[in-house]
Amino acid sequence: MEGLVSRNRHLLVPFGLVLVLGVIAAVRAPQTFTYVGLAGALLVAAPLILAAIAITPIAIAGRGGVDLSIGPLIGFVNVTIVVWLTGNGITHPVLVFAYAILAACAWQALLAALIIHVRISPIIASLAGFMILSGVNLVILSRPGGFAPEWLGNWGWGTELLSPVLYILVAACVIWALFSRTPLFQHIRLMGADERTAYTSGVDIVKARYAAHLLAGVFAGLAALCLTGLIGSGDPTQGNTLTLQAITALVLGGTSLSGGKGGITGSILGALAMYLVFVVLSSFNFGAISGFMTQLFYGLMLVISLMLALVTSRRRVAAV
Amino acid sequence: MINTAAMAEGLEELPPKLQAAYQGVDEGQPIGTSAYRDWTPRSGPPWTIGYASSYAGNTWRAEGLSRLTEDLLPVYRQAGLVDEIIVTQSDLNDARQIQQIRQLVDQGVDAIIVCCSNPVALNKAVEYAYSKGVVVFSYSGYLTSDKALNASSNYTLGGYEIAKAMIEEVGGEGNFLLVSGIAGAASSESFDTGAMRALEEFPNAKLVGQVWGNWTDQVAQTEVQKFLATNPARIDGIIAQGSQETGVLKAVLQSGREVMPISLAGSAGAACYLKQNPDWISHAFQIWPPGDEMELGFNSVIRTLQNQGPKLQSILRGVYRLPAAEYVASLGDDCSVDSTAYIQPGIDVWFPDDKAAGYFLRPENPLDWAAKNVN
């Protein structure tokens with residue numbers, strides 16, 4: 001038991017945050033915890049949760065790997081599902097799922113190739129990706145519109161808890177659980193903690209970095225499907241808003257941007273905390289500034305969480 | 001110029017003068033018969049209204065909100081029609097706006113006004129609201145759900161008329177710069193679609209550039225400055241979407257170029273320049289006066305709650321063109337080109353009772369209705 005707590009100490013702050021915000025939400029907006037409320041919450045929060053999960057393996061892989069292109073990538077898959085697939089009558093679920101995952105993986109493979117073979121810093125490569133995809137998305141679809149395949153658009157009802165969105169989230173957790181038990185994942189962690197040592201220890205760092213990005217691609221594809229289900233259409237700019245939110249959730253969840261540490265439990269808790277802050281703030285009538293209050297609280301929550309994490313780790317060191 | 005989609009079921013119910021406002025409407029905008037022709041709210045009055053705005057970071061949004069909360073709420077509260085207006089803002093994030101609409105419904109509001117969103121993204125939230133007896137009204141921009149109602153100007157027709165008037169103003173030919181709103185935003189694209197149609201009608205009118213001012217003077221000023229600095233070609237006229245023409249004017253003034261005609265659509269700063277230079281341009285337009293457009297939406301919401309029965313899914317107002325002298329008449333001699341305020345026609349011009357009556361099956365002034373039906 002003590003070992004379990006010790007291993008997951010970085011989750012204490014995000015877990016506490018979700019608990020506190022959950023209690024406040026239960027008081028301020030009790031409808032959130034009804035059957036339909038939870039179904040709606042799942043629907044609205046899923047793209048952010050999956051985006052936060054997607055950038056986790058890249059962060060763990062080190063070199064300051066924050067994937068800034070994650071939002072526009074999700075937007076790219078969203079607009080191409082609507083324009084290229086639905087627009088040409090390709091709506092079969094298997095084809096749409098396969099396309100979403102393969103397209104996101106192809107982008108991530110390209111990013112990995114730039115980082116590994118051209119030796120561009122991950123943050124610069126993904127920043128360039130952010131800008132390229134933001135423009136490409138507007139070229140593909142100049143304005144919000146079009147329609148998702150009917151089966152996917154129906155996810156947007158958000159009135160049933162046992163929905164495809166829930167199954168996708170469960171599937172993402174299962175994929176992570178299985179992958180995190182493989183030697184390849186341990187290699188990614190080792191590489192993230194100290195790439196030179198990992199290399200000299202015989203870790204295939206090229207393979208490990210490609211694996212981290214391809215795993216991110218799988219989750220990004222799933223995030224794009226959930227976003228498309230949520231908005232039932234294509235939107236060339238919506239994905240962009242996910243980048244900073246996903247990074248915030250990642251950091252709130254205790255994953256280290258310096259690499260080697262973290263996991264998706266923290267990212268999920270971070271995304272949930274962000275969703276709950278939004279629910280709590282929406283229960284007040286802040287008027288025109290409500291959107292800005294959300295940003296302000298995200299920032300405050302981030303700073304306070306990092307400070308609390310610092311205090312708890314110092315106490316631990318002092319106790320040792 | 002009439003869009004066949006606009007000749008949808010129910011349009012013939014409108015008086016012929018109002019039908020003209022539907023010319024060239026954005027192809028995506030639904031025009032068919034309203035789902036609220038005989039709809040009554042769950043309870044009330046007084047009613048609680050939610051306002052789920054997608055953004056609040058420019059003067060246009062601020063002016064609209066100010067009309068809602070500072071002018072309309074006190075009057076309608078006094079009349080016993082409205083008890084509270086709950087305002088949310090999603091910072092241009094569809095997922096947040098969906099969550100806010102669902103949360104407003106669960107909090108028990110009777111109607112929700114939304115502003116300027118993805119036309120499709122909110123549809124499921126709208127239908128969730130409808131299933132709970134809550135009407136969702138989009139003012140400025142439109143939603144495609146058949147359970148939503150829309151009230152705004154015809155932006156495509158506005159873009160067409162404004163661009164056409166600008167080209168004609170300079171003799172039907174020349175180089176033009178288009179200053180759009182936000183890339184990817186539906187209203188902005190609707191306007192541009194209309195403007196492009198007008199440009200196609202004049203073979204000697206050439207579009208030499210397009211910049212996006214985000215409907216914000218400061219952004220428009222910066223973008224036009226950059227364009228003028230890097231494009232030495234003569235610009236004969238600037239076709240600008242509203243709420244940013246003061247910024248466009250300042251950029252031209254700073255560039256040292258002779259001030260060419262710039263489309264005017266409500267910004268008081270540029271209007272003041274017109275007052276000081278009456279020969280600058282002969283006309284102006286009003287297609288989205290922020291307060292009046294908000295009042296158009298709010299007025300339509302109250303009428304719907306009063307079971308007045310909107311005939312169509314989209315209440316579209318035509319383009320309002322006026323001569324320069326009339327446009328600047330309300331400005332004093334001490335006006336400032338730096339003003340960020342708006343010149344607005346006023347609801348008695350923008351959506352008067354006799355015009356509103358044409359859009360509803362059982363029309364009545366909302367406050368007169370209150371005097372008869374609210375204790």
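Note on naming: letters A, B, ... go to the chains in the order of the sequence lines (proteins, then strands), and numbering restarts at 1 for each one. All values below were derived from every heavy atom in this structure, side-chain atoms included, with hydrogens, water molecules and symmetry-related copies excluded.
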Problem set entry | Under 4.5 Å from a heavy atom of chain B, the part of A/Thr32 involved |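 Interface part for A/Thr32: neither.
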Exercise. Considering residues at least two apart in sequence or located in another chain, which fulfil the salt bridge (Lys or Arg N to Asp or Glu O under 4.0 Å) criterion with B/Arg61?
Worked result: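 None.
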Report the distance from atom [atom1] of [X] to atom [atom2] of [Y], rounding to the nearest 0.5 Å.
| X | Y | atom1 | atom2 | value |
| --- | --- | --- | --- | --- |
| B/Asp106 | A/Ser282 | CG | OG | 12.0 Å |
| B/Gln103 | A/Phe278 | CD | CZ | 7.0 Å |
| B/Asn93 | A/Thr294 | CG | OG1 | 9.5 Å |
| A/Ser283 | B/Ile86 | OG | CD1 | 10.0 Å |

Quick check on the interface: out of [options], who has the most heavy-atom pairs with chain B under 4.5 Å?
| options | answer |
| --- | --- |
| A/Gly153, A/Ala148, A/Ala45 | A/Gly153 |
| A/Thr237, A/Leu242, A/Asn137, A/Leu230 | A/Leu230 |
| A/Gly156, A/Gly40, A/Pro30 | A/Gly156 |

For the side chain of [X] and the backbone of [Y], is there at least one donor-acceptor N/O pair under 3.5 Å apart?
| X | Y | result |
| --- | --- | --- |
| B/Arg102 | A/Gly37 | no |
| A/Gln238 | B/Leu92 | yes |
| A/Gln31 | B/Gln107 | no |
| B/Gln99 | A/Ala41 | no |

Problem set entry | Nearest heavy-atom neighbours spanning A/Ser233 and B/Ala121 |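 Where A/Ser233 meets B/Ala121 most closely, the heavy atoms are OG-N, 3.8 Å.
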Problem set entry | Heavy-atom closest contact (A/Gly232 atom, B/Val120 atom, distance) |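 Heavy atoms of A/Gly232 and B/Val120 come nearest at O-CG1, 3.6 Å.
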Exercise. With a cut-off of 6.0 Å (strictly less than), are more than 12 heavy atoms of other residues, nucleotides or ligands near CG of A/Leu300?
Worked result: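 Atom CG in A/Leu300 is packed in, count exceeds 12.
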Problem set entry | pair A/Asn154-B/Lys124: side-chain heavy atoms closer than 4.5 Å |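 Side chain of A/Asn154 against side chain of B/Lys124, heavy atoms only: contact under 4.5 Å found.
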For this session: Would you please name every residue forming a side chain to side chain donor-acceptor pair (under 3.5 Å) with B/Ser190, sequence neighbours left out?
Result: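 With neighbours one apart ignored, the set is A/Arg143, B/Asp26.
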What part of [X] gets within 4.5 angstrom of chain A, counting heavy atoms only: side chain, backbone, both, or neither?
| X | value |
| --- | --- |
| B/Ile85 | backbone |
| B/Asp94 | both |
| B/Leu104 | neither |
| B/Ser66 | neither |

